[in-house]
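Below is one structure, written out as structure tokens; comments come after it.
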Amino acid sequence: MSDTPAPTAPIHAPAGVGMLRGARTFPEAARQALGDPQLRHNLGHATATIREKRANVVAEVADWAELRNAGEAIKSATMATLDEQLIRLEHQVTAAGGVVHWASDADSANEIVARLVRETGSREVVKVKSMATQEIGLNDALAQAGIDAYETDLAELIVQLGGDLPSHILVPAIHRNRAEIRNLFLRAIPDIDPGLTDDPRALAAAARRHLRQRFLAAKVAVSGANFAVAETGTLCVVESEGNGRMCLTLPDTLITVMGIEKVVPSWRDLEVFLQLLPRSSTGERMNPYTSLWTGAHRGDGPRAVHLVLLDNGRTSVLADQVGRDALNCIRCSACLNVCPVYQRTGGHAYGSVYPGPIGAILSPQLTGIEHNASLPYASTLCGACYDVCPVKIDIPSILVHLRAQDVEVKRARRDVPTPESVAMAAAAWTMTDDRRWSRAQRSSRLARLVGRRRDKARGLIRSLPGPLAAWTVARDAPRPPAQTFREWWARERSSDGQRR
Amino acid sequence: MPRRPRVALFVTCLVDTLFPDVGKATVAVLERLGCEVVFPVKQTCCGQAHINTGYHRDAVGLVRKFVTTFEDFDAIVAPSGSCIGSIRHQHSMIAEKAGDGGLAARARAVGTRAFELSEYLVDQLGVTDVGAAYPHTVAYHPTCHSLRALGVGERPLALLRSVRGLQLIELPNGDQCCGFGGTFAVKNADTSVAMLTDKMTDVLSTGAEVCAASDSSCLMHIGGGLSRLQAGVRTVHLAEILAATEDAAP
Amino acid sequence: MTAREATLARIRAAIGDAPSVPAIPRDYRVRGDLEAGAAASLFAQRAAEYRAAVHHTGLDGVPALIATILASAGDTRAVVPTGLPADWLAEVPSSVLVYTDDGGMTTEDLDAVDVVVTGCAVAIAETGTVVLDGAPDQGRRVITLLPDHHICVVSVDRIVATVPEGLHRLDPTRPLTMISGPSATSDIELTRVEGVHGPRNLDVIIATAG
């Protein structure tokens, strides 16, 4: 007999559906990525380009700090009143002729979308790039229901044609360079011009030709939403290529799947986010196209408009008073582009549709820490992510918070003692008492004893035992001094600081 | 005449154990500038490694130890941006989490009086020329916690520019992390080494004799890599450069 | 219990009884300190930086300019919304077929059209953005999407300096499209290239009254 959880108990994103859990730990997956020099080169080039663009367009905004403060406050205020905001949103969307659906998890959202598509009689949908539908594995679920889903964003198209996985929030094919994309198009797009070059303009034109008829014939579109305004019921999609406009305008039926945290209270709030997002994301003053719609507009665009509100673990994030700030994310991906870890490992190493620093705090909270236990450690805590975050999410602090959660979960499961937990406890015991500490310093001379292979001539330690062996793979360990600082002080100075 | 500033040195466990010369240099600089330096012998470790590795319960005793040892001093100086960052930004959180609001308040108060060396010299003493001489070419790595957690900005560079004979060479991509990250260097050793490799490439591209920083942990990592390469570039702590004089150039 | 009730219950349990709701600091810039002329020239510069072709004329020069742009693009089939000022097309030669979309044109019809001519609701100088709101001089959204060439007439009194000023002038219940330059993508190596699914050519005519 299984216990049915109370309806108010937090639920995590279910396993076996969607893309929030990697098959390998971060260090294992990273090792493979680090061994791919082409990937390193593609990522290094792309992230350096976007970092510079972002820095330039942010520097020209005199009130950037004020906009960040406002963005942070709007998001925090939204989360503190999330139930009210969603009810207002539902009311306004419904009043404007839309239909609102609620989905507790990925499976339920997938079922709702599949049912809505089936009810139209169509067997295919065109899709606007959407993190939420990637998160829940909607394309696979639709395929199982006999419905073909076609990605229309260029990068998503590249990923889909290649049977690949997205590796970046904004540019899911960032791991591919132009030559690889050309080869993929030649292989995967029927009737393609065999003389196709790897000029990005030519590649974009090829995508335009490939998708044109698909757009014109589409009966159903699926989108995400960047923002939803509770006050007015207005949904907002921010994009560049026009594939979003095609999907939002041409079909008869539009189904929008949106995480519940995407709501903002008032119309006025968009004046903040429509400044923060494009500059942080693509490094533009404004993205080429932003579409805003409120329910169904008579004589303009889809006649049937649906909104699916997705939880899938978000309420369990909300329940964590420190971790909940991860819900404030507006998916700009600036934190990925500045992250020294992401730049070298790429997005696949994170095993989730949400890679990089934001993924390292979001994925473990959505799934429960035990399913993504290695992610909070995939950071040096350098703080570059916090600096660029347009809504000031203190990612390093949340990483540290989640590491503590991981330690506590392991303690509760009695996975500890591990060698690490023993070492940490021993070090803490030693260092809470200065006499124990100075005795430990003296008696061990730390690395002197553990150093197995020493470069005697230079006094360097070339190899350490146990977990510390990872240190000496590529670095020498320092030569322990003959005398610690405190020994020197005791010999040189009296306790009042005067020279003896 | 104003009283000599009295400074409690928090030498940090790493400097105490492995890099005592950095501690001695810190004392030398502060005393040259007229400070009375005190070394509270009951000090041990700020607990940063425990905190950042998730062992928050184990860290409570270390926070209490630090606060108790240092709370009677008006100014606490450490030759480490990351330890000061932990003291200022994490200690009160650890105490709150343990349900000890009193300790948290004391930790917050101590945090406001704890300074990284360059902060103390430039902001509290109002000095950029510390009377040092160091006839070498130097590339300065600003270190992440000094740069971002503390926001020390130009202070270390201002100090270095005033050192006689020193030629400062800009380190490309200086604001990029070196890949140390405490236990990150061991838990994610491959990524750490990839970051280190790029940092060393940037250091070597400057042609400088010396790579300097104000955190011995990052220097241990960068220096360990440069040493393995036998690259011929030395890693030196900011305090050691500021302590060097024409009489006693290292 | 429905999914709706369950989700709302989980939210309430998560945020607790007395969540603290921060006040929103709105001390960011809302109004730009630009005179009308300066706003228009900033708009022109910013729109041009995103590869829109920008033209300046008096209102009475609009018909001639539109005719010139159509001719140089070689456009032979045009679509306009029902409320476009009739005189704007007065100088278009009869060799150009002009459709007026009253909502009846199919997507195939529109796909076969070369160019669309519209007005706009608002233009935002700092970002080089024009905003369409489906008013009679702008039409339904699809007509500015399928043709490969969009000519947008921006009357200077529609130009504001900042994003907040722009949004303030808009009615959120209308279908809105904000356009900043032609269709573009940065999906290949994060290098921006113009021209994907939306109109690949955008001409902006800044029209001064009188």
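Each chain gets a letter, A, B and so on, in the order the sequences are listed, and its residues count up from 1.
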Looking only at heavy atoms and a cut-off of under 4.5 Å, which of [options] has the most pairs with chain C?
{"options": "A:Asp320, A:Thr294, A:Leu292", "answer": "A:Leu292"}
{"options": "A:His45, A:Arg268, A:Gln275", "answer": "A:Arg268"}
{"options": "A:Asn287, A:Leu86, A:Val317", "answer": "A:Asn287"}
{"options": "A:Val57, A:Thr249, A:Val100", "answer": "A:Thr249"}
{"options": "A:Asn42, A:Leu250, A:Thr282, A:Asn337", "answer": "A:Leu250"}
{"options": "A:Asp199, A:Val61, A:Ile87, A:Asp105", "answer": "A:Ile87"}

Proximity breakdown for [X] and chain C, heavy-atom pairs closer than 4.5 Å:
{"X": "A:Leu270", "answer": "both"}
{"X": "A:Glu60", "answer": "side chain"}
{"X": "A:Arg212", "answer": "side chain"}
{"X": "A:Ile181", "answer": "side chain"}
{"X": "A:Arg314", "answer": "neither"}
{"X": "A:Ala70", "answer": "both"}
{"X": "A:Ser108", "answer": "neither"}
{"X": "A:Leu211", "answer": "side chain"}
{"X": "A:Ile174", "answer": "side chain"}
{"X": "A:Ser266", "answer": "side chain"}
{"X": "A:Thr234", "answer": "side chain"}
{"X": "A:Leu43", "answer": "neither"}

Strictly by modelled atom types, are [X] and [Y] linked by a side-chain donor-acceptor pair under 3.5 Å?
{"X": "A:Arg245", "Y": "C:Thr144", "value": "yes"}
{"X": "C:Thr185", "Y": "A:Glu241", "value": "yes"}
{"X": "C:Tyr50", "Y": "A:Glu284", "value": "no"}

Results of side-chain hydrogen bond (donor to acceptor under 3.5 Å, both in side chains) for C:Thr106 - residues two or more places apart only: C:Asp109
Those residues that, when tested against C:Thr118, pass side-chain hydrogen bond (donor to acceptor under 3.5 Å, both in side chains) (two or more places apart):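 Only C:His150 meet the side-chain hydrogen bond (donor to acceptor under 3.5 Å, both in side chains) criterion with C:Thr118.
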Which heavy atom of [X] sits nearest a heavy atom of [Y], and at what distance?
{"X": "C:Gly195", "Y": "A:Ala204", "answer": "O-CB, 3.8 Å"}
{"X": "C:His197", "Y": "A:Gly242", "answer": "CB-C, 3.9 Å"}
{"X": "A:Trp267", "Y": "C:Leu167", "answer": "NE1-O, 3.1 Å"}
{"X": "C:Arg192", "Y": "A:Pro288", "answer": "NH1-CG, 3.8 Å"}
{"X": "A:Ala77", "Y": "C:Val21", "answer": "CB-CG1, 3.7 Å"}

Would you indicate whether the side-chain heavy atoms of [Y] and [X] approach each other to under 4.5 Å?
{"X": "C:Ile15", "Y": "A:Leu318", "value": "yes"}
{"X": "A:His297", "Y": "C:Arg140", "value": "no"}
{"X": "A:Leu216", "Y": "C:Leu146", "value": "yes"}
{"X": "C:Thr127", "Y": "A:Leu274", "value": "no"}
{"X": "A:Leu309", "Y": "C:Thr7", "value": "no"}

Residues of residues 199-207 of chain C near chain A, each having a heavy atom less than 4.5 Å away: C:Pro199, C:Arg200
Taking [Y]'s backbone N and O only, do any of them form a donor-acceptor pair with [X]'s side chain (distance below 3.5 Å, no angle check)?
{"X": "A:Arg285", "Y": "C:Gly128", "value": "no"}
{"X": "C:Arg10", "Y": "A:Thr315", "value": "no"}
{"X": "A:Asp63", "Y": "C:Tyr28", "value": "no"}
{"X": "A:Trp293", "Y": "C:Arg174", "value": "no"}
{"X": "A:Ser76", "Y": "C:Pro22", "value": "no"}
{"X": "A:Arg208", "Y": "C:Val196", "value": "yes"}
{"X": "A:Tyr289", "Y": "C:Met178", "value": "no"}
{"X": "A:Asp83", "Y": "C:Arg12", "value": "no"}
{"X": "C:Glu189", "Y": "A:Arg178", "value": "yes"}

Salt bridge (Lys or Arg N to Asp or Glu O under 4.0 Å) evaluation trace for C:Arg29 with A:Glu66: CA-CA 8 Å; C:Arg29 283 179 330 128; A:Glu66 287 79 9; over 6 Å; no
Which answer fits [X], side chain, backbone, both or neither, if we ask what part of it has an atom under 4.5 Å from a heavy atom of chain A?
{"X": "C:Val131", "result": "neither"}
{"X": "C:Thr177", "result": "both"}
{"X": "C:Ala14", "result": "both"}
{"X": "C:Leu170", "result": "both"}

When you look at [atom1] of [X], are more than 12 heavy atoms from neighbouring residues, nucleotides or ligands closer to it than 6.0 Å?
{"X": "C:Glu108", "atom1": "CD", "result": "yes"}
{"X": "A:Gln321", "atom1": "CD", "result": "no"}
{"X": "C:His168", "atom1": "NE2", "result": "no"}

Criterion side chain to side chain contact (heavy atoms under 4.5 Å, CB included) on A:Met286 and C:Val163, from CA distance to verdict: CA-CA 10 Å; A:Met286 190 63 88; C:Val163 171; 3.9 Å; yes
Interatomic spacing from CG in A:Asn177 to CD1 in C:Ile188 - rounded to 0.5 Å: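 It comes to 10.0 Å.
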Sole residue of A:Leu67, A:Asn69, A:Asp269 in side-chain contact (heavy atoms from CB on, under 4.5 Å) with C:Arg26: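 It is A:Asp269, the one option of A:Leu67, A:Asn69, A:Asp269 that forms the side-chain contact (heavy atoms from CB on, under 4.5 Å) with C:Arg26.
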Listing, residues 36-47 of chain C side-chain donor-acceptor contacts under 3.5 Å, not counting sequence neighbours, or none:
residue, atom, partner, partner atom, Å
C:Ser41, OG, C:Ala38, O, 3.1
C:Gln45, NE2, C:Glu49, OE2, 3.0
C:Arg46, NH1, C:Glu126, O, 2.9

Top contributor to chain A contacts, counting heavy-atom pairs under 4.5 Å, from C:Gly198, C:Gly181, C:Ser180: C:Ser180
